Structure formats: structure tokens, C-alpha cells
Amino acid sequence: MYHHLPLRSVACAVAAPTLLYALFLALLTIPYLQNQVIYLHRVNQTGSSDLNVPEHWGFLRNQVTPFHLRTPDGETLHAWHILPLGLYQQHEDRLVQEPASEVAPDITQRLSFQLLRDDPEALLVLYFHGAGGSLGSGWRPQSYRALSAGASDKIHVVAIDYRGWGISTGSPSEAGLLTDAQTLAAWAMNDAGIPALAHRPSLGTAVSISLAHSLATGAENDPVLFSGIVVVAPFADVATLTATYRVGKTIPILGPVARWPRLLTWLNTWIVSKWPSNARLAEFVRACQRIPGDGPKYDVTMIHAQDDYDIPWVHSDMLYWYGVNASSPAGITIGELEKEKVDSRVELGDGGWAVTSRSPSGVLREQIVKYGVHDRIMSYPVVSQAIVRAFGYGRI
Ligand SMILES: *[C@@H]1O[C@H](CO)[C@@H](O)[C@H](O)[C@H]1NC(C)=O
Ligand SMILES: *[C@@H]1O[C@H](CO)[C@@H](O)[C@H](O)[C@H]1NC(C)=O
């Protein structure tokens, strides 16, 4: 008789987590809850800090101008225009005298904007952040500063909170985020009159690749190309990500299911947001090859840290392969490519390694650093350097 109690409690201890997990998976098939898990846009990592007071994140007075962008489908996106420090220094007297930031009702009236629009040599990074938080979360403010470090009198950054994040309106969807990115690109080209550069980590990498793909293929006769695309800690697609992504570095959401590939595949059919960055990058490369005219059409750099436990760096390997395969007329298997990479890579010791693949229409790079985890890497010189290189500025 005395066996029963311990036995039952053991059974419960096993069954309860399994049942809870099954329930969790079932709930994930509901698109609303799924979006909460994929986009994490309601995770507020900035506490009560006001996103219209960039001094909270250490910026100088009027170094950042918060402003609003309206999307064609009626959302209001909250954005930051960040001046590089070198340029700020040159105009400091006038900048500090302007009324304090808050949301600029008309950004074209701001000195910071005029410094961007009226300098024919100004360069602009379009910053598409990753899942969770907002413009001011985590390492993002540091990374804005790092992005212009390579040419601190030239490189401006504009970052947005997508619909549903921070104090932007609406709620996320794959199509909606692409609209947001297109809205920012249109603003950069039309209002600021700047040939732009897209850039971003994890989720933002998928948005950047989607945007580059849509601009290169959207209007057949008038493709728009970026100077370059720098993606940091990207993922190949959501289906591959679900098997490997670890929430808070420890819990692979669908990891337990990944042991049964068919179950995982079936579960993935329920996921609404697919973000097929690998296939889109390949289509983008192919679209660039069809654009007439000499000279490079694409310049894509993938950067990943070996100690990234959120999104393992094999995702960059996979993206690189899709890109190189699309750029080689006969294609290349991943095995052949890996062999080629071992022979041709630039060894940087504790700095990791880098490989480059050039074709007449463009260049793809994969740079794997040893340290930088998932987010801190964004503020590292390896990224500053990639930005400068993508603008064709200096030789690296
Ligand atoms: C985060 O939460 C705080 C406190 O509830 C609030 O004041 C702040 O506006 C929130 N921030 C965002 C970006 O939602
Ligand atoms: C690689 O390229 C070949 C030839 O263009 C194509 O048939 C194949 O689908 C590509 N593979 C991947 C994984 O993109």
C-alpha cells in the first residue's frame, strides 16, 4: 500500500510538464499567441524611460531626433534619427540651442535632418532591430553609436519601432513589418534624398532581406539597390529557427519536438510568419544578376558570433550557402562550399575568420567572430567596419 503515493507523485511529475508542454504547443497554433512568442513585441525592456527623451540612453542634447513615420496603411511608426558624434561636434552650438527633442512635428525643420539632407556625402544606415523591446532596449543604443564609428562625420542612423513595438501603433505581421521597412526606405529616398543602407540583427535581418528583395524585384524597370546589407546574427528561416532558438538562452521552444522531424515540420505548418530569409536572399541575388549594366549590384555581409546561444551561427552558414549557390551558374552543394571555405578563409585567430564570395554582379561575405553573443556584438567594431566597407568607404 505504501508504494502508491510515491508512485503517483512520480507519475505526476513526469506527466504534468508533458501535458503543459502539449498545451503550450496547442496554444501556439493560435496566431495571436504565436505572434506574441515570435515577435516578443510586448516585452518592455526600457521600464518607464521615455522613448522621446534619448538622454535616458546617454545621447547628447538633440543628438537624437524622435519623429513619426506614417505607413500607407495608416500606422504611425516611432523613429529616431541619430547624428554621428563627429558631425554633432561641428554643429554643437546650434544643436544645443534648438528646443529639446520630444517628437519633431516636422522633422524637415530640424537642423539634424538638414545636416543629413543637404550634405551630398552623408551616408544613412536604416536600422531594423530584432524581436522584443523597443528602440531603446538592450544593446541597441550602443549599437547606433557604433555604426557610425567608422566615419563619424558622415554616417547617420535612422531606427524605427515596427508596428506593435514601443510606442508605434498596430500589431505585427510579416506583411506589416515589410510595409514598415518600405515606408522607412521611401522616407530615406524621397524626404532625405539619400541612397541608403539596410542593416540589422536577427528579426531585423529578415526584414532587411525582405526589403532588399522587394526593392530589387518590385518595379521591374526601376529596381532600387542598397549600397550594402549587413546582417548580424541572422536566422535562415522561422522553420529552422524554431528548432534551435533558445528563449533566454536556455529553453529551446520547440527543441523537445526537434527530435521528431516530421512532428516539427507539421507544427511549422501552423506558423503564420515564415520569414524565409534563405530563399529570399537567393531570389534577391538572382534578381540582381538580371539587372542590366556593369558593376556590383549587391553587397551582403553576414556577421555572427560563435558564442551566440540564442541563434546558433550555423544559420549564417546556411544563408551564405543560399546566396553563393544562387550566384554560381551551376550551383554548389553545402559540402563543396564548406570545403572551399576551409581553403580560402582569412584566419583571424581569436577574432574568428571570414570568407568572401565574389561574382560579376556582387559580393557575399560571412564573418564569424569568436565572442559577442547574440546582442552585444552589435556594438562591436567588426560591425562598424562592415558598415564602412558596405558603403565602399576605405579598403577592407
Ligand atoms: C514600459 O512600461 C512603463 C511602465 O509601465 C511605461 O511607462 C512605458 O511607457 C513602457 N514603455 C513602452 C515602450 O511600452
Ligand atoms: C542551388 O542552385 C541550383 C541551381 O541554380 C538550384 O537548382 C537549387 O535549387 C539551389 N539550391 C538551394 C538550396 O537554393
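Bear in mind the structure is a predicted one, so any value in this text is a computation, not a measurement. Indexing begins at 1, ligand by ligand and atom by atom, following the structure's order.
Taking the six-membered ring for Trp and the full ring otherwise, Phe113 and Trp187 have centroids separated by under 6.0 Å. Checked against the 6.0 Å centroid threshold, Tyr162 and His129 count as a close aromatic pair.
Contact check for Ser277 versus Leu281: no side-chain heavy atoms found under the 4.5 Å cut-off.
Checked by atom type, the side-chain pair His315/Asp308 shows no donor-acceptor distance below 3.5 Å.
Using a heavy-atom distance under 4.0 Å as the criterion, the protein contacts of ligand 2 are Arg286, Trp321, Tyr322, Asn325, Gly331.
To the nearest 0.5 Å, atom CD1 of residue Ile387 and atom CG of residue Leu147 are 5.0 Å apart.
Although no hydrogens or angles enter the test, the distance criterion places no donor-acceptor pair under 3.5 Å between the side chain of Tyr371 and the main chain of Gln306.
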